[in-house]
There are 2 protein chains.
Amino acid sequence: MATKRSYQQYCGLASALDVVGERWTLLIIRELLLGPARYSDVLANLPGIGTNLLAERLKFLVQRGVARQVDLRGTGAQLAYELTPAGEELRPLILGLTRWGMEFVDDLRSEDTLRPQWGFLAAEAMLDPAKVSDRHERYEFRVDDQVFHIEISGGRARGLRGAAVDPVVVAKTDAATFVRIGSGHLTPLLAMLTGHLVLEGDVDAVLRCCELLGLESASSRTVASRAVSARPASSAAAG
Amino acid sequence: MATKRSYQQYCGLASALDVVGERWTLLIIRELLLGPARYSDVLANLPGIGTNLLAERLKFLVQRGVARQVDLRGTGAQLAYELTPAGEELRPLILGLTRWGMEFVDDLRSEDTLRPQWGFLAAEAMLDPAKVSDRHERYEFRVDDQVFHIEISGGRARGLRGAAVDPVVVAKTDAATFVRIGSGHLTPLLAMLTGHLVLEGDVDAVLRCCELLGLESASSRTVASRAVSARPASSAAAG
DNA sequence: CAGGATCCTAAACGATACTG
DNA sequence: CAGTATCGTTTAGGATCCTG
């Protein structure tokens with residue numbers, strides 16, 4: 001039994017951390033932010049967590065009203081976990097942390113776990129609300145086998161899973177390249193030149209898309225300015 | 001030596017948690033959000049952390065560029081830690097977590113740690129940017145020995161430490177009452193009636209202030225609606 | 001006052017084995 | 001598939017003492 005450890009501070013932050021501050025918990029919630037997921041799906045995306053720990057965390061999150069179990073048996077799928085509204089409220093915070101953490105992403109090591117669906121969260125995190133154009137258009141992303149898109153409408157942008165209807169930009173890439181670009185280790189230009197990124201669509205639309213995501217599409221200033229925080233050299237290329 | 005454990009995931013969130021996801025780390029940063037603090041100040045506000053762990057965490061945060069050491073000797077004070085710009089970027093996220101965690105604040109237990117300066121963060125977290133009036137005015141709070149205020153100006157609200165110039169509202173209370181009100185265990189009205197809160201100033205200004213902080217000044221709906229998420233019964237009253 | 005060294009305990013980890 | 005139970009190993013957490 002988990003002898004629930006608490007900070008025992010009369011403070012909102014400490015209480016929040018008593019609920020979601022333990023190791024693995026926010027990563028579990030990240031998985032659920034992508035939609036309902038089965039126990040084994042979550043387990044597969046969190047190498048090293050151990051079955052008992054995952055079960056305990058999920059149970060605790062359900063108990064605290066952050067997640068709930070849904071029984072989809074009958075619809076083809078079976079048991080799954082999903083976030084409650086209280087859990088969904090963490091989305092902007094987790095996206096903010098994701099964005100903040102981009103600065104600390106080192107270049108890919110061989111032992112790193114990588115899942116294409118994380119690209120969806122990365123894209124959501126990178127969206128700059130202040131840079132949304134007033135057009136109505138969609139940018140589609142195909143990261144390995146995952147397809148998602150960003151919809152611009154009414155001056156607001158939002159990320160959606162699945163293919164876009166009539167996208168003005170389609171970007172095809174692999175998960176490693178996607179995160180490399182997001183973390184500033186690679187520019188879209190360089191990724192295209194090395195064949196890791198294929199961009200289709202109107203040039204101006206591509207530029208708007210890069211702008212929206214805070215990417216310097218052509219120059220390499222991004223790499224230069226971010227390199228300060230990390231290592232001296234790096235080796236690229238991945239399978 | 002701390003054999004830094006990492007999630008080893010190529011993802012912004014995992015990287016963020018590798019930096020600030022360990023136990024105590026965000027609470028240390030909370031302390032630094034209130035301004036530069038000495039080692040022993042932080043230690044005093046985090047009962048149970050252990051000196052070596054605090055030293056290790058601080059060292060790690062400095063190493064990762066989230067905090068830095070400042071030498072204030074000569075100005076009367078001495079060595080202190082403060083946040084770097086990268087650390088300051090966590091402010092909205094930590095305030096968001098603080099707000100989110102308010103729902104999970106149980107009523108005060110005798111063993112809970114409580115610091116009046118946390119009220120400042122709580123107030124900052126409760127500020128609803130959508131409910132800022134277009135006036136120019138200041139609300140002052142005196143929580144035990146701590147004084148801070150909220151300044152409304154140009155349609156924006158911000159929290160500031162210290163006394164306000166010409167405040168339209170002055171609220172005097174103790175730290176426990178302050179957090180109780182913020183977490184919905186108590187209404188301002190009830191706190192006044194029991195003598196734990198003294199409000200001075202124009203009635204309309206008080207109402208605007210409550211509105212800004214998301215407080216139902218008169219009704220008890222707040223308590224009723226929040227009670228659902230927690231316990232079946234509760235015993236109030238404390239010293 | 002700042003923080004290093006030590007020691008012990010309590011968790012987390014990872015593997016495996018088991019159950020409805 | 002969705003967990004529970006157990007166990008050996010590792011690591012973090014916490015208390016205490018010590019030093020510059």
Side-chain angles (χ1 to χ4, degrees), chain A residues 1-9 14 17-28 31-32 36-63 67-82 111 113, chain B residues 1-9 14 17-28 31-32 36-63 67-82 111 113:
Chain A
M1 273 302 98
T3 328
K4 278 281 19 155
R5 183 162 52 175
S6 160
Y7 288 112
Q8 301 201 148
Q9 296 190 351
L17 293 175
D18 281 341
V19 177
V20 297
E22 284 175 305
R23 190 167 165 79
W24 294 112
T25 302
L26 283 177
L27 294 183
I28 293 170
E31 294 300 312
L32 300 185
R38 288 171 305 161
Y39 176 89
S40 49
D41 295 334
V42 178
L43 190 66
N45 288 335
L46 299 179
I49 192 182
T51 62
N52 52 353
L53 194 51
L54 175 57
E56 186 184 310
R57 292 281 190 272
L58 284 170
K59 195 187 298 178
F60 181 67
L61 289 176
V62 168
Q63 183 208 316
R68 70 165 79 99
Q69 220 173 13
V70 283
D71 193 339
L72 298 176
R73 282 173 295 202
T75 70
Q78 48 253 72
L79 239 40
Y81 289 89
E82 66 175 15
E111 65 272 27
T113 306
Chain B
M1 271 298 99
T3 329
K4 280 278 18 153
R5 183 161 55 175
S6 159
Y7 288 112
Q8 303 203 148
Q9 296 188 351
L17 293 175
D18 281 341
V19 177
V20 298
E22 283 175 305
R23 190 166 165 77
W24 294 110
T25 302
L26 282 177
L27 293 183
I28 294 170
E31 294 300 313
L32 300 184
R38 288 170 305 161
Y39 176 90
S40 48
D41 294 333
V42 179
L43 191 65
N45 288 335
L46 299 179
I49 191 180
T51 61
N52 57 344
L53 196 51
L54 176 57
E56 186 183 309
R57 292 282 189 271
L58 284 170
K59 196 187 299 176
F60 181 66
L61 288 175
V62 169
Q63 182 208 316
R68 70 165 80 99
Q69 220 173 12
V70 283
D71 194 339
L72 298 176
R73 282 173 296 203
T75 70
Q78 49 253 76
L79 237 41
Y81 290 88
E82 67 176 12
E111 65 271 27
T113 306

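Every chain is numbered from 1, with letters handed out A, B, ... down the list of sequences. Quick caveat, the model's predicted, so the values are computed rather than measured.
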For [N], does OP1 or OP2 lie under 4.0 Å from any side-chain N or O of [X]?
| X | N | value |
| --- | --- | --- |
| A:Q69 | D:dC1 | no |
| B:W24 | D:dA12 | no |
| A:K59 | D:dG3 | no |
| A:Y81 | D:dG3 | yes |

Does any non-hydrogen side-chain atom of [Y] lie less than 4.5 Å from one of [X]?
| X | Y | value |
| --- | --- | --- |
| B:L46 | A:Q9 | yes |
| B:I49 | B:V42 | no |
| B:R68 | B:V70 | yes |

Original post:
To the nearest 0.5 Å, how far apart are OG1 in B:T25 and CG in B:L53?
Top reply: 8.0 Å

Closest approach to the side chain of [X], judged atom by atom: which nucleotide of [options] is it?
| X | options | answer |
| --- | --- | --- |
| A:Y39 | D:dC1, D:dT4, C:dA12 | D:dT4 |
| B:A55 | D:dG3, C:dG4, D:dA12 | C:dG4 |
| B:R23 | C:dC13, C:dG4, D:dG14 | D:dG14 |
| A:S40 | C:dA12, D:dG13, D:dC1 | D:dC1 |

Original post:
Is any N or O donor-acceptor pair between the side chain of B:N52 and the base of D:dG14 shorter than 3.5 Å?
Top reply: yes

Original post:
Would you say the side chain of B:T51 and the base of D:dG14 hold a donor-acceptor pair, judged only by whether the two atoms sit under 3.5 Å apart?
Top reply: no

Please give, in whole Å, the distance from [N] [atom2] to [X] [atom1]?
| X | N | atom1 | atom2 | value |
| --- | --- | --- | --- | --- |
| B:L58 | C:dC1 | CG | C1' | 14 Å |
| B:E22 | D:dG13 | CD | P | 6 Å |
| A:D41 | D:dG3 | CG | P | 12 Å |
| A:L43 | C:dC13 | CG | C1' | 13 Å |
| A:L54 | C:dA11 | CG | P | 20 Å |
| A:D71 | D:dC1 | CG | C1' | 13 Å |
| B:I49 | D:dA12 | CD1 | P | 14 Å |
| B:E56 | C:dG3 | CD | P | 13 Å |

Subject >> Sugar-phosphate, base or nothing in reach of A:G50, heavy atoms under 4.0 Å >> reply: nothing

Original post:
Backbone N or O of A:R23 within a donor-acceptor pair of the B:Y7 side chain at under 3.5 Å?
Top reply: no

